Amino acid sequence: MATGATPTDVVTDVVIVGAGPTGLALGIDLARRGVDALVVERGAELAPGSRGKGFQPRTMEVFEDLGVLDAVLAAGGTYPVGMVWRDGRQLGEHRMFDPAEDGEPHSRFTVPWMVPQWRTTRILHARLTELGGRVAFGREAVTVDQDADGVTVRFASGAPVRARYAVAADGGRSVLRRALGIGMTGETVDPDPILVADVRVEGLSREFWHLFPPGGAGEARDPGGSGGPGGPGDPGESEGSGGRRGFLAICPLAGTEDFQLVAQFPGADGPDPSLEGVRKVVGERTHLAPESVTAVGWSSDFRPRAALADRFRAGRVFLAGDAAHVHSPAGGQGLNTSVQDAYNLGWKLAAVLTGAAPEALLDTYEEERRPIAAHILALSTAIHRDQARRGAATRQLGLGYRESSLAVTDGETAGEVRAGDRVPDVQVDGARLHASLAGPRWTLLAMGTHAPRTPEGVRVLSCPPVEPFGTGLYLVRPDGYVGWTGADPEGLAAYAARVGAGAGAGKRGRPGTATR
């Protein structure tokens, strides 16, 4: 345990600042590995609002491994088809997402899944609590200090928290990132403010995602939605602020009685989020009577931007989620990228904290995740500007780490799968491969070859070769990516020691702590 603590300090292995999807997902991953972690949240309770509402297929795979998939499936639904309106008339349907095609990576998930973010955080919080993890509410972090042994996070009130490591998952205006002096490089994607609100609307079908383009020809362009699939359309020319009127979209939120309203305000200083303000914009831009909006719950306004932190690590502090990268909501990439940050960092922190791997392993978090974040930022911005479509790239199944220092090939294999690739979810001996890989362990796949002796703690799955694998050995990381591959076992032991794929990795736990 870190030294330098005072008697008043709360002491833990990892302190995670922020109880959004990123912080909670990381807390779950650490808890199931037996790591003592504390999530701290400045609010008195979990944040309200639909916010990011869309999960891409890769995130659904992560949720399955973290043990929350059934709850996520029960809480949400698929996205409705868009319906374009003009002057009270339905002009036609608009498909938001390109369908999956032959040749895309194997997965049991093929389309985005909608769950309002407030419900997602409740599901994650319940899972964290089930695993023995905890969230301390009402803890507003104000600064962080660190030394050779650990970090100390200080708060507006209450005792500081002393830990071996800290993770800033406290959003785009991250206090910890600013305290560390880490800058963000980026651009304003759209200068016009956008209002997002959870509303109740009478007399509007829940069958469609209702799209109200901003005047002109009436051809829909994609609506925005904070963190969920969607992106702004052309401001157009019509009545409204400054002689222009922006797009409006009203999407039924799966599993609720609410709709998410998204409206653009070209040339305005800021929208009016009150009930009267929302009624006014609905009355001006749709065929609905203003009074059809019966309630406004959570609301927020923002100007879409794209920004990337200059670093994802400063000593013993790591940035994850919006603290590390801020996306336009177009394409539903921000929340998904954030959850996968947590999934990448969790096993690495556990391996180092248990002594199974050297501290240098933690350097690979920034090495692997920052290029991914930069790539996804460019994709989100292109979708926002109608320069890219929502297709295979947005599903995030093809992302991997082939250029990572953790991707090692000792001899060639005949198949398409390479070190650094996500393991495809194919059928192996009548079972889904991902089901066989589930849990926080390393797995050696012996495809059509003899399985050598492996370090204690590494499970072995021997099977005939199946496409797109070739004959050979594949050492699969706890986050479902191939770390090492080869045609013979030479080099396997050295690689396993380097990355903590052996006895004790992720096994230190409190009595009774679940590991699945």
Side-chain angles (χ1 to χ4, degrees), residues 1-28 30-31 35-49 51-52 117-118 120-122 124-125 128-129 133-147 149-184 226-227 273 298-302 307 309-326 335 338 341-342 345 349:
M1 182 56 62
T3 61
T6 69
T8 58
D9 288 349
V10 177
V11 181
T12 187
D13 283 329
V14 181
V15 57
I16 303 166
V17 180
T22 309
L24 293 171
L26 179 58
I28 291 169
L30 292 175
V35 173
D36 186 28
L38 174 66
V39 182
V40 294
E41 166 59 40
R42 68 177 183 177
E45 57 187 10
L46 297 171
R51 301 177 186 268
Q117 187 166 317
W118 65 265
T120 299
T121 55
R122 289 186 183 184
L124 294 174
H125 182 248
L128 177 62
T129 302
R134 62 204 191 279
V135 177
F137 291 99
R139 305 302 314 275
E140 181 181 357
V142 294
T143 191
V144 60
D145 304 310
Q146 58 180 313
D147 53 43
D149 298 311
V151 299
T152 301
V153 177
R154 304 187 188 280
F155 302 87
S157 62
V161 174
R162 179 73 178 176
R164 293 272 298 278
Y165 297 97
V167 180
D170 51 344
R173 297 182 176 88
S174 172
V175 170
L176 262 62
R177 186 190 67 232
R178 295 174 190 230
L180 294 166
I182 298 177
M184 293 195 85
S226 180
W298 168 86
S299 64
S300 177
D301 67 271
F302 66 98
D310 297 338
R311 293 179 288 155
F312 280 21
R313 180 185 184 186
R316 291 179 172 269
V317 185
F318 301 85
L319 307 185
D322 287 354
H325 42 81
V326 178
L335 185 154
S338 299
D341 288 345
L345 182 57
L349 280 170

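Remember, it's a predicted structure, so these values are computed and weren't measured experimentally. Hydrogens, waters and symmetry mates are skipped; everything else that's a heavy atom, side chains included, is used.
Residues forming a salt bridge (charged side-chain N to carboxylate O under 4.0 Å, His left out) with D310 (at least two apart in sequence, or on another chain): none. Taking the side chain to side chain donor-acceptor pair (under 3.5 Å) definition, one finds that R42 meets it with nothing, sequence neighbours left out. With sequence neighbours excluded, no residue forms a salt bridge (charged side-chain N to carboxylate O under 4.0 Å, His left out) with R122. Partners of D322 according to the side chain to side chain donor-acceptor pair (under 3.5 Å) rule, which considers only residues two or more places apart in sequence or in another chain, do not exist here. Taking the salt bridge (charged side-chain N to carboxylate O under 4.0 Å, His left out) definition, one finds that R316 meets it with nothing, sequence neighbours left out. Applying the side-chain contact (heavy atoms from CB on, under 4.5 Å) rule to A179 yields the partners T143, V144; only residues at least two apart in sequence or on another chain are considered. Looking at residues two or more places apart in sequence or on another chain, you find no side chain to side chain donor-acceptor pair (under 3.5 Å) involving T121. For A166, the side-chain contact (heavy atoms from CB on, under 4.5 Å) test picks out V15, V151, V153, V317, with sequence neighbours left out. Every residue was checked against the side-chain contact (heavy atoms from CB on, under 4.5 Å) condition with A44, not counting sequence neighbours, and none meets it. In this structure R154 satisfies the side chain to side chain donor-acceptor pair (under 3.5 Å) test together with D145, sequence neighbours excluded. In terms of the side-chain contact (heavy atoms from CB on, under 4.5 Å) criterion, residue partners of A169 (sequence neighbours excluded) are, by chain and number, I16, T22.
Annotation: the span from D147 atom CG to T152 atom OG1 amounts to 6.5 Å, rounded to 0.5 Å. With values rounded to the nearest 0.5 angstrom, F137 atom CZ is found 4.5 Å from H125 atom NE2. L30 contributes atom CG, which lies 6.0 Å from atom CG of L349 (distance to the nearest 0.5 angstrom).
Side-chain atoms of P21 and L124, non-hydrogen and from C-beta on, do get closer than 4.5 Å to each other. Inter-residue side-chain proximity for R313 and L345 is flagged as unmet; no heavy-atom pair is nearer than 4.5 Å.
When all heavy atoms of G18 and V39 are compared, the pair lying nearest together is O-CG1, 3.6 Å. Here the shortest heavy-atom pairing between P48 and R51 reads O-NE, 3.0 Å. Nearest heavy atom pair, residue A323 against residue A309, reads O-CB, 4.3 Å. In this structure, R162 and G150 approach most closely via the heavy-atom pair NH2-N, 3.6 Å.
Remark: the backbone N or O of A163 is not paired with any side-chain donor or acceptor of T12 at under 3.5 angstrom. Under a 3.5 Å cut-off, the side chain of D341 and the backbone N or O of G321 do form a donor-acceptor pair. A distance-only check finds a donor-acceptor pair linking the side chain of Q146 to the backbone of A314 [under 3.5 Å].
A salt bridge between D36 and R164 is absent, with no side-chain N of the basic residue lying under 4.0 Å from a carboxylate O of the acidic one.
Pairs of residues two or more places apart, or lying in two chains, never qualify as salt bridge (charged side-chain N to carboxylate O under 4.0 Å, His left out) while including a residue from residues 167-178.
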>> If you apply the rule side chain to side chain contact (heavy atoms under 4.5 Å, CB included), what do you find for V167 with L26, and how did you get there?
In response: CA-CA 9 Å; V167 180; L26 179 58; 3.7 Å; yes
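Checked options V135, V17, L24, L46; the residue passing with E41 is V135 (criterion: side chain to side chain contact (heavy atoms under 4.5 Å, CB included)).
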